[in-house]
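The chains referred to below are lettered A, B, ... by the order of the sequence lines, with proteins before strands, and numbering in each begins at 1.
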Amino acid sequence: MTDAQGKGDKSARSQMLGAVRRALGRGPLDATAAAPLERRLADHPANLIPARTDRPAPAVLDLFVQMAEAVSTTVDRVADERAVPAAVSEYLARYNLPSDIVMSPDPVLDVFPWHERPLLSIHRGRSQGDDPVSLTPAFAGIAETGTLMLESGADRPTTLNFLPDTHIVVLFADQVVGPYEVAWNRLRAQQAAAGGGMPRTVNFVTGPSRTGDIEQKIQLGAHGPRRLHIVLVEGRSPAAGKESEGGIGPAADGPRP
Amino acid sequence: MQSTSHAFKDNAQRALHDPRLQRAMENLRHGFQERRRVAAAALPEFEQLRDIARDIKNHTLANLDWYLERYEEKVLASGGHVHWCRTAAEARETILAICRSAGARTVTKGKSMIAEEIALNDFLEEKGIEPVETDLGEYIIQLRREPPSHIIAPAVHLNQDDVEDTFRRSHTDLPADRSLGEARELCDEARTILRSKFLAADVGITGANFLIAETGSSIIVTNEGNGDLTQTLPKVHVVLASLEKVVPTLEDVSTILRLLARSATGQEFSSYTTVSTGPRRPGDLDGPQEYHVVLLDNGRSAMLGTEFHEMLRCIRCSACMNHCPVYSAVGGHAYGWVYPGPMGAVLTPGLIGIDEAGHLPNASTFCGRCESVCPMKIPLPKMMRHWRERQVERGLGPAAARWGLGAWAFLASRPALYGLAAKLGAGVLGRLGRRKGRFAALPLAGGWTGVRDMPAPEGRTFRDQWAERNRR
Amino acid sequence: MENTPAASPCRVGLFVTCLVDLFRPTVGFAAVKLLEDAGCTVVVPQQTCCGQPAYNSGDKARAKQVARQVIAAFADVDYVVAPSGSCGGMLHEHYPELFADEPETALAAQHLAKRSHELISFLVDVRGMKRVDARFEGAVTYHDSCSGLRELGVKQQPRQLLRSVEGLSIRELPGAETCCGFGGTFCVKYPAISDRMVTDKAEDIRRSGAGTLLAGDMGCLLNMAGKLSRLGVPVAVRHVAEVLADMADRPSIGAPDRK
């Protein structure tokens, strides 16, 4: 930006804020008036949370699957980490999809015995735009609407969530929460523990890409993935659990055991 | 965008006699309304959430300056920039400067009504920068050089064969024998063309559904994923947002998001809701290197604190137009500027003036359906009436209507005289109309009898008969 | 009649509405009968109009001029009842708004608003009416007029009473909650749009298969009756009160008087 631009901004800024204050009939808020606002941001209280997810943990998990399937996400429930590579290759075979996978560099994905499926050709990194299949972890699953929550990070490039035709997400059952608010608090806890604020991006993904722009007829795969597939890992083996750092584990505030 | 709002009547007339448009509008009548009804009914807390969402926005607007400053502080802390722009011209120049400093030749765009409001595409083209719309509907109308006719379904006025024609005309290297007869094939064609544009763009410009004061984040909600590719792939991401988009916390936005998709498309949640905070972080493999927010006023602060204040709660879901019988009769282009339907009838006069947009708040039956479905409980009919009041205060409006109202008021405030006039009128019309029961034409009532009969009065007024009954 | 055991006697001022007065006095007499059946004493104060034409045209000064008379005329009745959701809504919802900037009248406007009701919802919700003593042979369909529906919550009450009419069956109208295109001055200011709306409405009425269309507002009824007759759709049109008061022996709205 040029200097002139910067100065223009500055006077525009004070004029805009001034116009807002004049319209509200007051000057800048003093510390007393601002205190409740500060508190609102610091405490970020939840508003009304729909009762839909008020149910025991197994039922929350079932709700997640049901809501995800309702928006054309496919879900494969597997017993534990060891079953993941087989589930992935079977999914690809079932839909006659290529077995070239671009996968997040995240070490949480190392717990799966990929070597047992040598026909899967796995490459780690971001997507360049011509990858047929991506595989990523997620931060959380939100049962309320069957939504995946994926956060960006050095190990979690977000191009994987949007460019490939098929997006496979590996999600652990203990990552599934009821409403959005619980997921936000888990994210805040994770980020605070890592000493940072918000990740660059948080993607809430609810089903494959879609459009209704032509005569309101729903078409999947407008620009993003045509297929969204979740491999839901119901149990964690104790040994593998230790390796799953980086936010994939449950946080203390979750409603789940 | 050049307004034709003053010509609303002519625009509407044309639209009503456009069979292709009318066919396309059928989809709207039977799609959005039913889906919204089902989605709202499936969430028992929906009505309570509307009250809470209204309160969240009211609270934010009452403290807008404070939340904007806090939002800015957080954007800066995350490595982003905030550009305060009072007018459309300032916003255009700011965006141009960002594009130039990035050496941009092509910019991709996520759907943004504010970009339409400031006529950004024409401006960038003039300056030698190619803007590429990436939302499918927006892309189609960009190829046709038309404005959007709906705020979330910009090509809702078109039929599938219109889209096929458009692609055949614009995608010149398309083989003539390539089949494009299915919506699926049209989507795939657009996907292929736009994929290369996404990867080539230097700057990505998106709007924002919300700005979060707590975190300095911007939020976009899409179904196609185009907004995400727009903001993730180029080296610069520009967020273009008006200042009333700010909400306090992630919890607050979660509440409003529960209403947005349900009210808009009738989905429980849109496919993609993305929360962006600043540029690429050290070690990141993707994401923009620069993150700019262009924060636009363009008439908003002038609505704050007036009788149009509540309009600033609008989250642009489109429920009002989806349920508006006038919108569904004439379509969005008839309104003549960026924002159609009931929300446009209130917002447009505020942004481009009541002299130009005077028809818009008048072209309503006040049926109230818009307000009844508005997730933010904006009293749209009431505010349309306020615009009518402003017109009367300023002596605008047709002279005949003013005289008619004057004569009516003269009589209506003189009960005895009024009673006599009514008695005479009812008597004469009753006698004349008794045989047929109706009039096919009446002097001075062409507006009515041009399209429908006028039922004849029974003959004697109620009060005349009542007086007689009480005399007996 | 097994109505209103609980409701105490009361004095109701009938707000006749200008369209009822001029076009369809039968509706006024039907309202009187229904109110008397519900144990009310009915008076008809000197009146003209509620002021809505001016109010909705943005002419607050003239709307106030007319409204002031209404407030004065109905000052000493227990309730003000209008056979119209539109005028009822004006009195109940909009008078307090209209006088919000005039403290000296605002109180009186609020006082009036609190006592003001649309006829059918008054009978059911305030007077506890459960059924009527009436007979009507045939299928009817019912259009929910916008103001009554959205400002005053008139929806189930007319249907509940209609179900008690001997010989009558209800065929629900597709799009019953969609505006008919009347909208007061709208229908003459934007006749082409209004025409499209009422044409669609007429088609829905035809599709309902009912021989009679009922609604609770004369404006909408005149609009729909006028369109149905222009299109030659053989559906009789009446105010719902006529049927409920067993006074549907008069020619329907827009039909020839064969007396």
Side-chain angles (χ1 to χ4, degrees), chain A residues 1-2 5 8-9 12-13 15-17 19-21 23-25 28-29 34 37 40-41 44-48 50-51 67 125-126 129 145 147 152 154 157-159 162 180-181 184 197-217 219 221-224, chain B residues 27 31 43 45 48-49 52 63-66 78 83-86 90 97 136-137 153 155 159-160 163 183-184 186-187 191 194 199 213-215 217 223-226 228-229 232 248-251 254-255 268-269 271-278 280-281 283-287 297 301 304-305:
Chain A
M1 292 287 86
T2 62
Q5 187 69 45
D9 269 11
R13 181 184 188 280
Q15 285 189 28
M16 281 166 68
L17 288 169
V20 167
R21 287 175 187 135
L24 295 172
L29 296 181
L37 308 183
R40 182 174 181 134
L41 295 193
H44 47 79
N47 304 300
L48 174 73
M67 296 307 291
R126 59 163 282 175
T145 45
T147 299
S152 70
T158 58
T159 39
F162 296 100
Y180 313 111
E181 285 81 349
W184 282 128
M198 286 283 282
R200 177 185 68 76
T201 196
V202 178
N203 300 129
F204 289 88
V205 177
T206 312
S209 159
R210 67 187 63 212
T211 182
D213 273 349
I214 300 175
E215 294 190 357
Q216 296 212 346
K217 296 175 193 160
Q219 304 292 331
H223 291 295
Chain B
N27 297 322
L43 187 67
E45 295 87 351
Q48 261 174 292
L49 289 170
I52 297 170
N63 300 288
L64 187 60
D65 53 331
W66 192 87
S78 68
H83 308 270
W84 299 71
C85 298
R86 286 160 295 192
E90 284 184 5
L136 177 58
N159 297 290
Q160 190 176 309
V163 179
R184 171 77 263 155
L186 293 166
C187 286
R191 180 185 172 103
L194 286 170
L199 294 165
E214 175 197 352
T215 57
S217 311
N223 276 311
E224 299 184 1
N226 64 306
D228 288 282
L229 293 175
T232 306
T249 64
L250 295 168
E251 277 72 8
S254 300
T255 295
E268 293 262 332
F269 216 54
S271 298
Y272 301 110
T273 298
T274 290
V275 183
S276 301
T277 316
R280 182 188 286 216
R281 305 292 161 79
D284 277 3
L285 299 174
D286 51 22
D297 185 334
S301 62
L304 204 64

Legend entry - Minimum heavy-atom distance between B:S271 and A:G207, given as atom pair plus value: CB-O, 4.4 Å
Inset, instruction - Side-chain contact test, heavy atoms from C-beta onward, threshold under 4.5 Å: evaluate it for B:P248 versus A:L41 and give yes or no. - result: yes
Legend entry - Distance-minimising heavy-atom pair for A:A154 and B:D284: N-OD1, 3.4 Å
Legend entry - Greatest number of heavy atom pairs closer than 4.5 Å to chain A - which of B:L186, B:V163, B:L229: B:L229
Inset, instruction - State, to 0.1 Å, how close A:E215 and B:Q160 come at their nearest heavy-atom pair, and which atoms those are. - result: OE2-N, 2.7 Å
Legend entry - Options B:G305, B:G287, B:S217, ranked by heavy-atom pairs under 4.5 Å with chain A, top entry: B:G287
Inset, instruction - Decide yes or no for B:N63 and A:L29: does some side-chain heavy atom of the first lie under 4.5 Å from some side-chain heavy atom of the second? - result: yes
Legend entry - Heavy-atom pair of closest approach, residues B:G137 and A:D213: N-OD2, 2.6 Å
Inset, instruction - Find the distance between CZ (B:R184) and CD1 (A:I214) and round it off to the nearest 0.5 Å. - result: 9.5 Å
Inset, instruction - Return the option, out of A:A19, A:A222, A:G125, with the maximum number of heavy-atom pairs under 4.5 Å with chain B. - result: A:A222
Inset, instruction - Identify which of A:G221, A:P28, A:S152 forms the greatest number of heavy-atom pairs closer than 4.5 Å to chain B. - result: A:G221
Legend entry - Nearest heavy-atom neighbours spanning A:P157 and B:D286: CB-OD2, 3.1 Å
Inset, instruction - Evaluate the side chain to side chain contact (heavy atoms under 4.5 Å, CB included) criterion for residues B:N223 and A:T211: first the C-alpha distance (whole Å), next the side-chain angles of each, then the deciding distance (0.1 Å), finally the verdict. - result: CA-CA 6 Å; B:N223 276 311; A:T211 182; over 6 Å; no
Legend entry - Structural part of B:T232 lying under 4.5 Å from a heavy atom of chain A: side chain
Inset, instruction - Return the option, out of B:D297, B:D65, B:L194, with the maximum number of heavy-atom pairs under 4.5 Å with chain A. - result: B:D65
Inset, instruction - Mark yes or no for whether B:R191, through its side chain, and A:G224, through its backbone, hold a donor-acceptor pair below 3.5 Å. - result: yes
Inset, instruction - Would you confirm whether B:T249, through its side chain, and A:H44, through its main-chain N or O, come within 3.5 Å as a donor-acceptor pair? - result: no
Legend entry - Under 3.5 Å donor-acceptor, A:T201 side chain and B:V275 backbone: yes
Inset, instruction - Give the C-alpha distance, both sets of side-chain angles, the deciding distance and a yes or no for side chain to side chain contact (heavy atoms under 4.5 Å, CB included) between B:L304 and A:V20. - result: CA-CA 7 Å; B:L304 204 64; A:V20 167; 3.7 Å; yes
Inset, instruction - Measure distances from A:T147 to the heavy atoms of chain B and classify the residue's part below 4.5 Å as side chain, backbone, both or neither. - result: side chain
Inset, instruction - Kindly assign one of parallel, tilted or perpendicular to the pair B:F269 and A:F204, based on the angle between their ring planes and the thresholds 30° and 60°. - result: perpendicular
Legend entry - Most contacts with chain B, counted as non-hydrogen pairs under 4.5 angstrom, among A:G197, A:A34, A:G25: A:A34
Legend entry - Derivation and outcome, side chain to side chain contact (heavy atoms under 4.5 Å, CB included), residues A:M67 and B:E268: CA-CA 9 Å; A:M67 296 307 291; B:E268 293 262 332; 3.6 Å; yes
Inset, instruction - Name the region of B:L285, side chain, backbone, both or neither, that has any atom closer than 4.5 Å to a heavy atom of chain A. - result: both
Inset, instruction - List the atom of B:L136, the atom of A:H223, and the distance in Å for their closest heavy-atom pair. - result: N-NE2, 4.3 Å
Inset, instruction - Report the distance from atom OG1 of B:T274 to atom CZ of A:F162, rounding to the nearest 0.5 Å. - result: 4.5 Å
Inset, instruction - Under 4.5 Å heavy-atom distance to chain B, tell me which part of A:Q15 shows up: side chain, backbone, both or neither. - result: side chain
Legend entry - Verdict with reasoning, B:D228 to A:T158, per side chain to side chain contact (heavy atoms under 4.5 Å, CB included): CA-CA 9 Å; B:D228 288 282; A:T158 58; over 6 Å; no
Inset, instruction - Please answer whether the main-chain N or O of A:E181 pairs with a side-chain N or O of B:E251 as donor and acceptor at a distance below 3.5 Å. - result: no
Legend entry - Top contributor to chain B contacts, counting heavy-atom pairs under 4.5 Å, from A:K217, A:R126, A:Q216, A:M198: A:Q216
Inset, instruction - Counting only heavy atoms closer than 4.5 Å, note whether B:S78 contacts chain A via side chain, backbone, both or neither. - result: neither
Inset, instruction - Report yes or no: does B:Y272 contribute a side-chain atom to a donor-acceptor pair with the main-chain N or O of A:S209 at less than 3.5 Å? - result: yes
Inset, instruction - For B:S254, enumerate each residue passing the side-chain hydrogen bond (donor to acceptor under 3.5 Å, both in side chains) test, keeping only those at least two apart in sequence or located in another chain. - result: A:W184
Inset, instruction - Identify which part of B:L250 has an atom lying under 4.5 Å from any heavy atom of chain A, answering side chain, backbone, both or neither. - result: both
